[in-house]
Amino acid sequence: MRLAWFIRRAAWLVLAASLLLTACGGPSGPTVAGSPTTTSAPPAPTAATASAPEGVIARVGDGFILRRDFDRFYLPGADPKTLLDQMIDVELVVQAALQEGATVDETKIDEQVIQLRLAQAGGDEAQFAAFLQSNNIADEAELRRLLRRDALIEQMLLKHTTAEQVRARHILVSATPEEAESRKAAAEAILAELQSGGDFAALARTRSDDPGSAAQGGDLGWAPRGLYVAPFEEAVFSMKPGELRLVQTDYGWHIIEVTGGPEVRSFDDRALIDTPAGQEAFNATFLPWVAELRSAAQSAGKIEILVDLTTLTQP
């Protein structure tokens with residue numbers, strides 16, 4: 001398990017490594033020393049940066065971008081301004097998370113550190129310290145800082161990625177297209193039992209041919225459009241909560257009940273954002289939210305580049 005994957009999985013990878021390359025499509029950031037648009041010297045430290053920690057390369061509100069963090073992600077030959085802009089956006093997301101009251105479960109951070117220590121060093125402290133150093137992480141305290149940021153970013157990723165979603169549960173009577181007619185009676189029998197007051201969750205656990213959802217009482221969770229096969233999706237997004245309907249797909253017969261929505265809401269499941277439907281929602285809702293954070297910070301003078309960017313590509 002590589003450290004870059006462990007730390008930058010999920011939200012960090014989405015934000016810093018890919019989609020924020022074109023975040024917002026608006027201004028790419030403040031004018032910076034060393035860029036093609038200016039030849040001026042780096043700005044003199046202000047009162048806000050006078051007490052900045054060592055190795056600061058940019059101020060973002062009350063926070064800072066550190067050179068060692070930049071070096072951890074910079075790839076030789078890449079545009080340093082692009083990476084710095086990405087890191088500024090990430091810092092704005094972290095600050096927004098704290099302002100919105102997001103918290104980090106320290107027990108989960110403990111678990112992640114333990115997992116990483118065992119996977120990379122077999123529990124040996126000296127080997128673990130060497131491993132951290134090889135990945136430009138000073139010590140365990142800094143590792144925990146990065147993991148906490150990752151947790152905050154992931155919370156914001158879920159909260160500010162929104163789409164119309166529906167929550168449904170189903171009982172599947174599996175059938176090939178050739179078996180559909182012969183299996184329909186079995187599905188109709190289950191539907192009749194439900195309509196007579198049968199317990200949906202109990203029937204799903206004992207009668208559904210979909211093992212994944214059967215264990216959950218048939219519950220499929222909240223999902224956006226684009227996740228289900230067409231007949232199933234058409235049904236769930238046209239049904240009212242509590243309604244029962246029998247629907248045929250290539251998988252067989254589904255007895256469906258909608259338990260929530262359809263409604264526009266945040267995502268509950270991180271994995272859904274990796275789907276095409278989730279990526280569409282990410283582009284349509286999360287990135288514009290980040291753009292608003294960036295625009296507001298720039299207008300308020302909260303972003304300050306403290307170094308000549310040409311120095312960031314030098315060892």
Side-chain angles (χ1 to χ4, degrees), residues 1-21 23 28-30 32-35 42-43 45 48-99 102 104 109 112-113 116 120 128-157 290 293-294 297-298 302-315:
M1 178 170 57
R2 295 188 302 109
L3 183 61
W5 177 87
F6 188 88
I7 292 176
R8 298 191 300 171
R9 76 197 194 292
W12 187 277
L13 276 175
V14 174
L15 282 166
S18 59
L19 292 177
L20 279 185
L21 290 172
S28 60
V32 292
S35 75
T49 60
S51 59
E54 183 180 357
V56 168
I57 60 176
R59 177 183 67 85
V60 184
D62 294 330
F64 303 97
I65 304 295
L66 303 180
R67 173 64 187 263
R68 65 176 180 269
D69 288 336
F70 178 93
D71 290 344
R72 186 176 304 114
F73 296 108
Y74 181 72
L75 297 176
D79 179 7
K81 183 177 183 299
T82 296
L83 175 57
L84 185 56
D85 279 344
Q86 294 169 12
M87 297 183 73
I88 288 170
D89 286 337
V90 169
E91 176 62 26
L92 289 169
V93 170
V94 170
Q95 292 182 19
L98 297 174
Q99 291 169 2
V104 175
I109 301 299
Q112 289 176 312
V113 172
L116 191 59
Q120 297 296 336
F128 184 59
F131 171 70
L132 293 179
Q133 290 290 340
S134 70
N135 285 277
N136 295 319
I137 295 179
D139 50 30
E140 183 179 320
E142 185 168 359
L143 171 64
R144 288 176 176 272
R145 175 180 69 86
L146 294 171
L147 293 174
R148 290 187 190 100
R149 287 171 62 84
D150 182 70
L152 291 171
I153 292 165
E154 184 157 337
Q155 290 180 56
M156 291 296 97
L157 178 63
V290 175
L293 294 179
R294 182 63 174 256
Q298 289 179 201
K302 292 184 177 181
I303 299 175
E304 183 180 10
I305 307 302
L306 303 176
V307 297
D308 183 330
L309 289 188
T310 61
T311 67
L312 295 180
T313 61
Q314 301 170 5

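- Looking at every heavy atom in both residues, Glu91 comes nearest to Gly63 through OE2-CA, 3.9 Å.
- Taking 4.5 Å as the limit, every side-chain heavy atom of Leu312 sits out of range of all side-chain heavy atoms of Tyr74.
- Here the closest heavy-atom approach between residue Gln133 and residue Ala138 is recorded as NE2-O, 2.9 Å.
- Distance CE/Met87 to OG1/Thr82: 13.0 Å, rounded to 0.5 Å.
- The two residues Glu140 and Phe128 come nearest to each other via the heavy atoms OE1-CE2, 4.4 Å.
- We find that Arg145 and Asp69 are joined by a salt bridge, their nearest charged nitrogen and carboxylate oxygen being less than 4.0 Å apart.
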query = Hey, mind stepping through Ile88 and Ile305 against side chain to side chain contact (heavy atoms under 4.5 Å, CB included) and telling me if it holds?
reply = CA-CA 10 Å; Ile88 288 170; Ile305 307 302; 3.9 Å; yes

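- For the pair Val290 and Val93, the tightest heavy-atom approach, listed with the atom from each and the gap, is CG2-CG2, 4.0 Å.
- Annotation: side chain of Leu66 is not in contact with side chain of Ile57 (no heavy-atom distance under 4.5 Å).
- Residues Leu132 and Asp139 approach most closely at CD1-C, 3.6 Å, considering heavy atoms.
- Considering only heavy atoms from C-beta on, Gln95 stays 4.5 Å or farther from Asp62 through its side chain.
- Side-chain atoms of Phe73 and Val90, non-hydrogen and from C-beta on, never get closer than 4.5 Å to each other.
- Residues Arg144 and Gln112 are not in side-chain contact: their nearest non-hydrogen atoms beyond the backbone lie 4.5 Å or more apart.
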request  = Could you please spell out the steps behind the side chain to side chain contact (heavy atoms under 4.5 Å, CB included) verdict for Val60 and Leu92?
outcome  = CA-CA 7 Å; Val60 184; Leu92 289 169; 3.5 Å; yes

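- Residues Asn136 and Arg68 have side chains not in contact (no heavy-atom distance under 4.5 Å, counting atoms from C-beta outward).
- The closest side-chain heavy-atom distance from Asn135 to Arg72 is not below 4.5 Å.
- Between Asp89 and Leu293, every side-chain heavy-atom pair lies at or beyond the 4.5 Å cut-off.
- Between Arg67 and Glu54 no salt bridge is recorded (no basic side-chain N to carboxylate O distance below 4.0 Å).
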